[in-house]
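Have a look at the structure below before the remarks.
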Amino acid sequence: MRKSTVTRTVLIAMAVAFASPALAQRTEPPTPTSPPTGSTTDTTPRTLSFSDLDVNADGKVSKDEAAADARLTSHYAQVDRDGDGQVSEAEYAAGHQRTDTTTPP
């Protein structure tokens, strides 16, 4: 009788030892993560408004402020009609009207 009890105890211990990793595994499916807002797959350049670019709100867009808009940066000299090194809101609007009727820079 003693031998069968020991054998049974050993078998139970082995079953528990082999079953433990299976019990420790996660049984529910992983929670899907949602994509970040403002999808990063859209590569269309966003047109910034004059107020977006005029960070210090002085009524002019400097070359440093214009750096946020690659299109404006590449045409800064043409948009700055009076050549004062600053783009006014009127110059900015005129620059957009001019480039909207032609092929994008």
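Because the structure is a prediction, the values reported are computed rather than measured.
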*Grab the two heavy atoms, one from Ser74 and one from Gln78, that are nearest each other, plus how far apart they are.*
O-OE1, 4.2 Å
*Which pair of non-hydrogen atoms, one from Val61 and one from Ala66, has the smallest distance, and what is that distance?*
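Here Val61 and Ala66 meet closest at CG1-N, 3.7 Å.
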*Could you tell me whether a side-chain N or O of Asp54 sits under 3.5 Å from a main-chain N or O of Asp58, the two making a donor and an acceptor?*
yes
*Not counting sequence neighbours, which residues clear side chain to side chain donor-acceptor pair (under 3.5 Å) with Thr9? List them please.*
none
*What is the distance from atom NE2 of His75 to atom CG of Asp69, rounded to the nearest 0.5 Å?*
11.0 Å
*Any chance you could measure Thr73, atom OG1, to Glu65, atom CD, to the nearest 0.5 Å?*
11.5 Å
*In chain order, what residues pass the side-chain contact (heavy atoms from CB on, under 4.5 Å) check against Asp84, with sequence neighbours excluded?*
Lys60, Asp80, Asp82, Gln86
*List for me each residue that meets side-chain contact (heavy atoms from CB on, under 4.5 Å) alongside Ala68, sequence neighbours excluded, and say none if there are none.*
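Result, side-chain contact (heavy atoms from CB on, under 4.5 Å) vs Ala68: Leu48, Leu53.
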*Excluding sequence neighbours, so at least two apart, what forms ring pair (Phe, Tyr, Trp, His ring centres under 6.0 Å) with Phe50?*
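If we apply the ring pair (Phe, Tyr, Trp, His ring centres under 6.0 Å) test to Phe50, skipping adjacent residues, the hits are Tyr92.
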